[in-house]
Amino acid sequence: MSTAPAQAVTWTPQDYKSDYKPIWCPGCGDYSVLSSVTKAFAALQLKPEDTVVVSGIGCSSRIPAYTSCYGFHGVHGRSLVAGTGLKIARPELTVVVAGGDGDGYSIGGNHFLHACRRNVDITYIVMDNHVYGMTKGQPSPTTEPDWVSKLSPGGTGVRTFHPLVIALAAGANFVARAFAGDPNGTAEMIAEAIRTPGFSFIEILSPCVTFRPEQREWKKVVHPASVQWTDDPARAARRVMTDDGFNVGVLYKGIRPPYQPPVGKARKRVADLEKEFAI
Amino acid sequence: MAEVRARTSVSIAIAGSGGAGVMTAGNMLLEAAAKAGWYGLMVRSSGPQIRGGEAAALMRIGTHPIDGLDDRFDILLAIDWQNINRFADELPLDGGSLVVGDPDQGEAPEVYVKSPARQAKVSMKATAKSIPGSWPNMVALGTAAGLIGLPKTEVAKVVEQSLRKRADTLKASLEAVDAGYAAAAEIGADYALAAPGSAPSARWLVSGNQAAGYGAIRGGVRFCAAYPITPATEMLEYLAPALADVGGVLVQAEDELASANMIIGASFGGLPSITATAGPGLALMTEAIGLAVASEVPIVVVDVMRGGPSTGIPAKSEQSDLSMAVYGLHGDAPRIVVAPNSIADCVVTTQWAVHLAEALQSPALVLSDQYFGQTRAVVDRPADVTFVGSRLTAQANTEGYRRYALTESGVSPMAIPGTAGVAYTADGLEHNERGTPSSQSNDHAKQLAKRERKLVGHDYGGQWADIEGDGDIAVLTFGSSTCAVREAIERARRDGLNAKLVSVRLLAPAQPARLKAALEGVSKVLVVEQNFGGQFHKYLRAEYDIDADVRSFRRPGPLPIRPDEVHRELTQWSRA
Amino acid sequence: MSPAKKKARRAPVTKKVVRKPATATRKVAPKRTPLKVVSTPAAASPASPIGSIDALMAYAFALEAEASERYSEFADAMETHNNREVAELFRKLARIENLHAEHILEEMGWSTAPPPPSSGWRWQGLEGPETAEHTDLHYLMQPYHALQIALHNERRAEAFFADLVKKAPSGKVRDAAKEMVAEETEHVRLVEEWLKRTPKPDSDWAVDLDPPRWAD
């Protein structure tokens, strides 16, 4: 006869995985991120039916269907706004938006800015591999300017985008950098991001072993941040603009209240609305 | 116009510039006419300036419900003449017309002086100056009201209501109105309207944008994402407080890509959702609308059409987004497209669109237009209809739940987040019944057929079109063109020519069997629409077999189609 | 140098910007938004760049030419917004300033405009010494307001040259600057007289019963 452990849990990380198997290349960092997401959900004991994973288009955007939660796999670049609409309409749900660097920083760049400033209580995870993987290896906004591809034979010559600084400038309430190869650390960070009210942004370095095989070496260069997070965005920005790009940890946590207009509390009956038209 | 009988409608334009207050005067005149028991409407026309520009309130007031402007104007009343010549095309005048100007503002522009209209002068500026605290537009209001025989008590009520908090100004304004009445008496022209019919039913003073917003709420909409655009903004501005009143919410989005995807997100979460835009915004939303088709998320998008292409003519009406609405998505993407055919119908048709979107788990596009959207009209309160959004949802823990199950109707139960045991991922990728992405030909074919089946197989009832009258000749039209067509058919009937009206409210999916029945026994079909290319005519040719002679009558904006043009076309063709 | 034109005294500049509620027919007493007079600390001291008569007159020319250009822009704006009376007044001011500029060319025997001053083109604010600010306009403004703007600018020009007199590196330049001061003083006087003949605006000059309109 078995007995339940003292700290019984209802949901294990496995419970958040669907039976649909990922199509990601073996070795892809996104597998680790999926595992971190499920661990984070288990750590928070989120009910799968009250949790929604929303994404756009790209390798990493396939993630919703790999979870047992509700999922929304929308169109390229629009995950943040679909997630925003959902969360405002259904504030009691936990909404996690996930995607890649092309989806979030290029085609969806405008939404990224406005999601940061709007500060709806959602968590945004970007699996950044500095490349468009699903279309076979074109440069993204975070690709180094000298990286050569078929589409950019001599390199793009265009400087990279700095998502963390932009998130700070645009008003995100929680900003962190994680590394896919550290799934437990990443899981903790995701859980903390979900717990933190407002818009939480985690940039996860997630290697693409097919088009950026050199990113397998990331694990040798990433290192934990040597200092704690700050609540001063200027200090956070200075820190992240001068680091080596492989500093992993929570960078910034603010206390801005989330944007959540009241919903579900009627003050009038529908029929009362037409009084203003009556002659 | 030889016939001597009391007028049943009168058309007045009040024009002026630079803070003349013509819109205020027009609105007050309309409200006073409404209080007197009449009907009417007011179209706003203005230059491109936000402030200080020339403007004209184009009004028609009548004893019976008024759907559209007349062919001509009885009275043009100009507070000043600066740039007022720009409205000449919109203000046809004839020998029965009266042009009233202010002697202190110089001569009327040549185009008005040369018209056969009678010219008269009223000192609006000087009169207002002599009554401290009043304005020339109050003199204009009194003059217009006097000319059409509007009881002064009704005008006074409206003025009192507007200025109740300012006793000094109120007194001066009433004096100015009196002076206007006196001036009208001096002009001695008779444009008096017949008395209103007895005991008018409940009536509203409403714009099409407000009406559509209210209809959406009546249909169950509780979420709106908004990006401002002329001429749809007032619908969004109506919805912001109205939704909050009924426990809903409006969010301002950063662009139309965002607003369209936000409503999809909210509706995925179970809340009936809407956005409103105009052509340029609809163009940006097409990708998202396709996503709503594929993922089967109900949404309503109201397109308040304006002159196109591109930025086009933002504050003028045109029915030129039809092709985009019925065809403008990539892939085989069936969707619902409906069009209200009067300002009052904006309530019912938008409500119906919410009902259809929810019932069929599909995007529904509502083709309103600038004319409906920004015109204020006195209308009979639209009848209550039972169209309420109601979605087929999945029960918790349904064994073997498949979100995109191939049901007979094509509609499959939708699981709403928060419901245990039926979680699924909605997808814009082609998918199988479970929602798992699939590129199999079998899944594609079945899901395409499912999505079409649920729309084509639905019974839309009599709401699909307004069919009125009978005759050998029929006019087939949609949207705001219906207003001029209805009046043209009525005039033809008075001449002894019977014609049938078919105003199609359900533009997509096409209803070939219903149209065939509606046109039974008709040998000539005149297709009327307000655009350059004949988009409706082409759509009919593509989707319908019409067993009759078909003629297209069309004209682009910005000028409205006038009843007389359609009347002449009908008369000539019926004699041919 | 040329006579007639604008004038001004220390401009008290009452500019009223009235924001009205969009509701129909609500009449609101105009609220005054205090005009923001920016006193620019960085107003480049014109002392150093103006070391010769040529340099001084290049400044004087630029000042008049820009003032004329700005009044023309104001006239256009007023015309577009159907304020014909004030449009005509600004047109007149533009013509006067233009005459001044032409007069300078004539005096100096220049066939074309001198190069514009390269720096320090700010005086008692962010604009040039006699250039009016766009934010001073209101679509319902009356001639009185327009003349107040002109007066303000003539006084600034007068003060600008007075400052040059103090800083002039040589007697010749100082004398020329003094002459310019006298010119501007005359302009100030003329505008003052003009203002005296001009009726003051009604208290409700900025009331517009109609709300702003939509465009695109």
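Just so it is clear: chains get the letters A, B, ... in the order the sequence lines come, proteins before strands, and each one is counted from 1. Scope of the values below: all heavy atoms of this structure, side chains included, with no hydrogens, waters or symmetry mates.
Of the atoms belonging to R218(B), heavy atoms from both backbone and side chain fall under 4.5 Å from chain A. When heavy atoms are compared at a cutoff of 4.5 Å, P262(A) approaches chain B solely by way of its backbone atoms N, CA, C and O. Neither the backbone nor the side chain of A225(B) comes within contact range of chain A; no heavy atom of the residue lies under 4.5 Å from a heavy atom of that chain. Of the two parts of E92(A), neither the backbone nor the side chain holds a non-hydrogen atom closer than 4.5 Å to a non-hydrogen atom of chain B. Only the side chain of R90(A) comes within less than 4.5 Å of a heavy atom of chain B; its backbone N, CA, C and O stay farther away. Looking at E31(B), neither its backbone nor its side chain comes within 4.5 Å of chain A, counting heavy atoms on both sides. Proximity to chain A involves both the backbone and the side chain of A244(B), based on heavy atoms less than 4.5 angstrom apart. Proximity to chain A is limited to the backbone of P241(B), based on heavy atoms less than 4.5 angstrom apart. With a 4.5 angstrom heavy-atom cutoff, D255(B) touches chain A only via side-chain atoms. Of the two parts of L271(B), only the side chain, counted from C-beta on, holds a non-hydrogen atom closer than 4.5 Å to a non-hydrogen atom of chain A.
Contact count versus chain A (heavy atoms, under 4.5 Å) is highest, among I263(B), V379(B), V251(B), L291(B), for L291(B). The most heavy-atom pairs under 4.5 Å with chain B, out of R269(A), E276(A), H76(A), K87(A), come from E276(A). Among I88(A), L80(A), T84(A), T67(A), the residue with the largest count of heavy-atom pairs under 4.5 Å with chain B is I88(A). Of the residues considered (A271(A), S68(A), A65(A), G77(A)), A65(A) shows the highest number of contacts with chain B, using heavy-atom pairs under 4.5 Å. Among E254(B), K35(B), Q210(B), the residue making the largest number of heavy-atom pairs under 4.5 Å with chain A is E254(B). For the set D245(B), V249(B), N261(B), the count of heavy-atom pairs under 4.5 angstrom toward chain A peaks at D245(B). The most heavy-atom pairs under 4.5 Å with chain B, out of R62(A), H111(A), K265(A), come from H111(A).
If you take NE2 on H162(A) and OH on Y105(A), they are separated by 10.5 Å, rounding to the nearest 0.5 Å.
For the residue pair S201(B) and D380(B), a side-chain donor N or O sits within less than 3.5 Å of a side-chain acceptor on the partner. Remark: the Y214(B) side chain and the E274(A) side chain contain an N/O donor-acceptor pair separated by less than 3.5 Å.
Between the T436(B) side chain and the N432(B) main chain, no donor and acceptor come within less than 3.5 Å of each other. Panel note: side chain Y124(A), backbone S79(A); no donor-acceptor pair is recorded below 3.5 Å. Proximity of a side-chain donor or acceptor of S267(B) to a complementary backbone N or O of P298(B) within less than 3.5 Å is detected.
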Please list every donor-acceptor pair under 3.5 Å in which a side-chain atom of residues 414-430 of chain B meets a protein atom from a residue at least two apart or in another chain.
from	atom 1	to	atom 2	distance (Å)
T419(B)	OG1	I416(B)	O	2.6
Y424(B)	OH	R403(B)	NE	3.4
D427(B)	OD1	H73(A)	ND1	3.0
D427(B)	OD1	L429(B)	N	2.7
D427(B)	OD2	H73(A)	ND1	3.0
E430(B)	OE1	R451(B)	NH1	3.4
E430(B)	OE2	H444(B)	ND1	2.7
E430(B)	OE2	R451(B)	NH2	3.0

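Atom CZ of R434(B) is surrounded by 12 or fewer heavy atoms from other residues, nucleotides or ligands within 6.0 Å.
Identified by a heavy-atom distance below 4.5 Å to chain B, the contributing residues of residues 17-34 of chain A are D19(A), Y20(A), in residue-number order. Residues from residues 42-61 of chain A that place a non-hydrogen atom less than 4.5 Å from a non-hydrogen atom of chain B comprise E49(A), D50(A), V52(A), given in numerical order. For residues 93-103 of chain A, heavy-atom neighbours of chain B at less than 4.5 Å comprise L93(A), sorted by residue number.
Between V81(A) and A258(B), the shortest heavy-atom distance links the atoms CG1-CB, 3.3 Å. Contact between S36(A) and P183(A) at its shortest, heavy atoms only, is OG-O, 3.0 Å. In plain terms, the two heavy atoms of V175(A) and A167(A) that are nearest each other are CG2-CB, 4.2 Å. Of all the heavy atoms in G269(B) and L86(A), the pair that sits closest is CA-CD1, 3.4 Å. The two residues S140(A) and Y132(A) come nearest to each other via the heavy atoms CA-CE1, 3.6 Å. Residues I264(B) and A288(B) approach most closely at CD1-O, 3.2 Å, considering heavy atoms.
The cationic atom of R203(B) (NZ for Lys, CZ for Arg) lies less than 6.0 Å from the six-membered ring centre of Y39(B) and within 45° of the ring axis.
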